[in-house]
Amino acid sequence: MTWQDYINYILFQFNYIRPQVLMMVALTVIMLLFLSLMSRNLSFESHRFGWLSLFYKMNGYTYFRLSCAWLRLVYLISILVLFRPLEPIHYVMYIMIGLLYLLDIKAPHRIMSNLLNLTLELIGVIATNVLCGYMIEVFMDFQYLAIYILISVFFGCFGIYVFLLQLIHISDEREVDKNEFKKQEDKEINRKEKINEDSIASS
């Protein structure tokens with residue numbers, strides 16, 4: 001095969017995952033817009049800083065793993081929501097995203113737990129794909145549709161749980177200087193006190 005044949009093969013395979021990729025892009029854009037709105041005019045005393053501090057002091061590796069965890073979640077959601085028969089490329093992409101997250105994880109028990117969670121999610125994807133293929137190609141029945149919805153909701157919630165667990169693990173591995181954090185907080189408090197004093201003096 002020539003390099004042109006490889007490119008044509010890749011483009012042909014991409015047609016299968018294009019709906020999922022488009023939904024992943026849409027969900028990612030929505031999340032970025034949400035985070036940008038929530039982080040606007042953010043201060044250390046704001047209640048929003050409590051959960052946004054999860055992203056404080058992240059480095060390149062942690063951002064990479066966070067991206068893989070997010071892509072794995074939205075890819076799972078797109079598979080469950082779009083109700084389309086899957087091809088082998090779907091499973092390959094899902095496994096690849098899950099394995100990329102494991103890079104730079106130093107704790108063996110976390111590697112095993114993430115592999116277990118990835119396996120359970122794959123079981124859910126396979127189960128929903130079997131039901132989806134049966135309903136599309138053989139017979140559409142309300143009972144099968146109800147089972148599909150229940151399985152999709154369960155594994156969707158499980159995927160969200162796994163993502164939040166991964167986010168906590170990523171956040172725990174950061175090297176955050178508590179003294180530096182306290183200095184930033186004191187600096188913010190002093191800035192607000194100075195603004196209040198200036199406003200009182202001007203009035």
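The analysis underlying the following values was restricted to heavy atoms, covering all of them including side chains, and did not include hydrogens, waters or symmetry mates.
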Mind checking the [atom1]-[atom2] spacing from [X] to [Y]? Nearest 0.5 Å is all I need.
{"X": "His90", "Y": "Ile79", "atom1": "NE2", "atom2": "CD1", "answer": "6.5 Å"}
{"X": "Tyr148", "Y": "Asn129", "atom1": "OH", "atom2": "CG", "answer": "8.5 Å"}
{"X": "Ile126", "Y": "Leu86", "atom1": "CD1", "atom2": "CG", "answer": "9.5 Å"}
{"X": "Leu120", "Y": "Phe155", "atom1": "CG", "atom2": "CZ", "answer": "7.0 Å"}
{"X": "Gln166", "Y": "Arg110", "atom1": "CD", "atom2": "CZ", "answer": "11.0 Å"}
{"X": "Leu102", "Y": "Arg65", "atom1": "CG", "atom2": "CZ", "answer": "8.5 Å"}

Are [Y] and [X] co-members of a hydrophobic cluster defined by side-chain heavy atoms under 4.5 Å apart?
{"X": "Ile30", "Y": "Leu73", "result": "no"}
{"X": "Ile147", "Y": "Phe142", "result": "no"}
{"X": "Ile97", "Y": "Leu115", "result": "yes"}
{"X": "Met31", "Y": "Val162", "result": "no"}
{"X": "Leu99", "Y": "Ile89", "result": "yes"}

Heavy-atom check, side chain of [X] versus side chain of [Y], under 4.5 Å:
{"X": "Tyr101", "Y": "Ile170", "value": "yes"}
{"X": "Tyr75", "Y": "Leu71", "value": "no"}
{"X": "Leu145", "Y": "Leu131", "value": "no"}
{"X": "Leu76", "Y": "Tyr94", "value": "yes"}
{"X": "Leu118", "Y": "Arg72", "value": "yes"}
{"X": "Leu66", "Y": "Phe163", "value": "yes"}

Sidechain-backbone polar pair: Tyr144 side chain, Cys132 backbone, donor-acceptor under 3.5 Å: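 No, because the side chain of Tyr144 does not come within donor-acceptor range (under 3.5 Å) of the backbone of Cys132.
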Flag, side chain of Asn117 to backbone of Ser113, donor-acceptor distance under 3.5 Å: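 Side chain of Asn117 to backbone of Ser113: a pair is present.
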Please report the shortest heavy-atom distance between [X] and [Y], naming the atom on each side.
{"X": "Gly156", "Y": "Leu80", "value": "N-CD1, 3.8 Å"}
{"X": "Leu100", "Y": "Cys68", "value": "CB-SG, 3.8 Å"}
{"X": "Glu121", "Y": "Gly159", "value": "OE2-CA, 3.8 Å"}
{"X": "Trp70", "Y": "Leu27", "value": "CZ2-O, 3.7 Å"}
{"X": "Thr128", "Y": "Val125", "value": "OG1-O, 2.9 Å"}

